[in-house]
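Note sheet for the following structure.
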Amino acid sequence: MRAVDLAVDALDGAARAGTATTASGSYTTPLFMPVGTRGAIKYLSAADYERIGAQIVLGNTYHLMLRPGAELIQTFGGLGSFAGWRGLTLTDSGGFQVFSLNPKVDDDGVTFKSTYDGSTVRFTPENAVRVQEQLGADIQMVLDQCPPLPSAPDVVRRALERTTAWAQRAKNAHTRPDQALFGIVQGGISEVMRAESAQRTVEIGFDGYGIGGLSVGETREQMLPALAAAIEHLPADRPRYLMGVGDPASLIEAVGLGVDQFDCVMQTRLGRHGTALTSSGRFQAKAARNAELDEPLDLECPCEVCARHSRGYIRHLLQVREPTASRLLSIHNISWTIDLMDRMRAAIHKGSFESMRRDLLAVWG
C-alpha cells in the first residue's frame, strides 16, 4: 500500500467526499486542519483538539527545528507524542517561510536568519526531508518556492522550475515508507503554468499533492481558475491539499472544484482579535451592542462554546483583556469550520452540494 490511499465515497459534480488512509490512521474529507505552529494551536491543548473533532494538526518545520529542535522531538517519539496528540500530524516544509521571511534563495536551497537568535539557517530539499523525518509527522511536504502575487511571469516561472527540481530531490531523499510525502504545485495565477506544474509534479510521483502559492495576494476570482487548472491534472486517487486557505467562501468553492483538505491560521488569528465565524458572517464579539445579549455566538453552532457561553460574557472577557476570550473564540472558530466541512461532506453524499454552496456564498461570497 502507498503511504496514503484515498477512496472517494461520494461525488457531487467535482466535489468529492472520501476517506484517506495513512500508515498511522485514516481521515475523512473534505477536511480542515488547524495549525499548531510551534507544536500547539495557540491557547489550546491536545485534549481540546480531540474534543472539537480535529483529525490532523499541522506543525511548522522551520519553527520546530529551531525550538526545541527536531532531534529532541525525535527522542519523544515524534511530534504527536511530544504534544500528547493522538490524531494525525502534518508538517510543512518551510516553503511558506521562503515567501514570508524574504530569505536568500538560490537553486540549491534557502538561507534564513533565525527569528529566535539571528543565527544563519540553511534549508535544502534534502535536509527539509531529513528534519521532517525526525519530527515524525504522518505527512510531510516537499520544500517549495512560493512567489508573492502579483509577480512578473519570469518570477513565477523561476519558482515553478525550482519547486519542480526541489520536489525531485526531496523524493530522492525520502527514506521513511511509513511517512507520506506530498509534492507541491506552484505557478501563480497562470492556468498554463499551474497545469504544467501539476503534470511535472505528478510525473515525479507523490502520495498526495499540495497546491501552494494561492491566497497570497490575488483575488478569489483569480485564484479559482488557476486552482482548477492544477486539479485537472492531479490523480483522483490521491489527496489534493489547498495550502493556507481557510475563509468559508474559498473553502466551499475549492471543494466544489475537487479539493480534499485545507489548513489556515485565520480561525485562531480572528479569535485572538475578537472575531467569530458564524452562519450569518463575521461577528465582532467586542461590539458594545453585545454587552447584554444572553445568546450564543451562533444559534446554529453545535460547539461547546455556543452551548455554554453568551455573547455578553465573551464581550466582557474581551473588554477586560482576559485571555480566556481568545481561547473560547479560537475553539469556536475551529469547531465552526470543522462542522462546515462535515456539512459539506454530508451535502456531497446527499447530492445537495450546489444548493449549500449557493446559500453559503450568499453570506460569505
Q) Given Trp166 and Gln145, is the side-chain contact (heavy atoms from CB on, under 4.5 Å) satisfied, shown in steps? A) CA-CA 9 Å; Trp166 291 356; Gln145 183 177 3; 4.3 Å; yes
With a 6.0 Å cut-off on the ring centroids, do Tyr62 and Phe112 count as close? yes
Rounding to 0.5 Å, atoms CG (Asp106) and CZ (Arg162) come to a distance of 6.5 Å
Checklist entry - Do other residues, nucleotides or ligands put more than 12 heavy atoms under 6.0 Å from the NE2 atom of His349? => result yes
To the nearest 0.5 Å, atom CG of Leu181 lies from atom CZ of Arg176 at 12.0 Å
For Leu317 and Leu328, what are the C-alpha separation, side-chain angles and deciding distance, and is it a side-chain contact (heavy atoms from CB on, under 4.5 Å)? CA-CA 10 Å; Leu317 297 179; Leu328 294 178; 4.0 Å; yes
Notebook entry, point to check: Which is it for Thr163 and Leu143 under the side-chain contact (heavy atoms from CB on, under 4.5 Å) test, yes or no, and what are the steps along the way?
Noted result: CA-CA 7 Å; Thr163 295; Leu143 183 65; over 6 Å; no
| said: Looking at Asp9 and Arg345, is any side-chain nitrogen of the basic one under 4.0 Å from a carboxylate oxygen of the acidic one? | reply: yes
So salt bridge (charged side-chain N to carboxylate O under 4.0 Å, His left out) across residues 268-296, not counting sequence neighbours, yields Glu295-Arg311
Decide if atom CZ of Arg67 counts as having more than 12 heavy atoms of other residues, nucleotides or ligands within a radius under 6.0 Å. yes
Quick test of your reading of the model: are Arg357 and Glu354 salt-bridged, counting only N-O distances below 4.0 Å? yes
Quick note, side chain to side chain donor-acceptor pair (under 3.5 Å) partners involving residues 29-42, not counting sequence neighbours, are Arg38-Tyr116
Rounded to the nearest 0.5 Å, the OG1 atom of Thr124 sits from the CG atom of Asp107 at a distance of 13.0 Å
In terms of heavy-atom contacts, Val57 and Gly36 come closest through CG1-N, 4.1 Å
> Got a salt bridge between Glu161 and Arg200, using NZ or NE/NH1/NH2 to carboxylate O under 4.0 Å?
Replying inline: yes
Could Asp154 and Arg157 be called an ion pair, given the rule that one side-chain N must be under 4.0 Å from one carboxylate O?
no
Report task. Give a yes or no answer on whether the side chain of Thr22 reaches the backbone of Gly25 with a donor-acceptor pair at less than 3.5 Å. Result -> yes
When you look at Met65 and Phe123, which way does the side-chain contact (heavy atoms from CB on, under 4.5 Å) test go after all the steps? CA-CA 11 Å; Met65 70 177 283; Phe123 230 35; 3.0 Å; yes
Notebook entry, point to check: Would you find a donor on one side and an acceptor on the other, under 3.5 Å apart, between the side chain of Ser151 and the backbone of Pro147?
Noted result: no
Leu214 and Ala226 have their tightest heavy-atom pair at CD2-CB, 4.5 Å
Is there side-chain contact between Phe182 and Val142, with heavy atoms separated by less than 4.5 Å?
-> no
The reported gap from CG in Asp247 to CG in Leu277 (rounded to nearest 0.5 angstrom) is 9.5 Å
Which is it for Asp5 and Thr21 under the side chain to side chain donor-acceptor pair (under 3.5 Å) test, yes or no, and what are the steps along the way? CA-CA 5 Å; Asp5 274 312; Thr21 302; over 6 Å; no
Heavy atoms of Pro153 and Met193 approach each other most closely as O-CE, 4.0 Å
For the pair Trp336 and Trp364, name the ring-plane relationship: parallel under 30°, tilted 30 to 60°, perpendicular over 60°.
-> tilted
Nearest heavy-atom contact between Gly39 and Leu64 is N-CD2, 3.8 Å
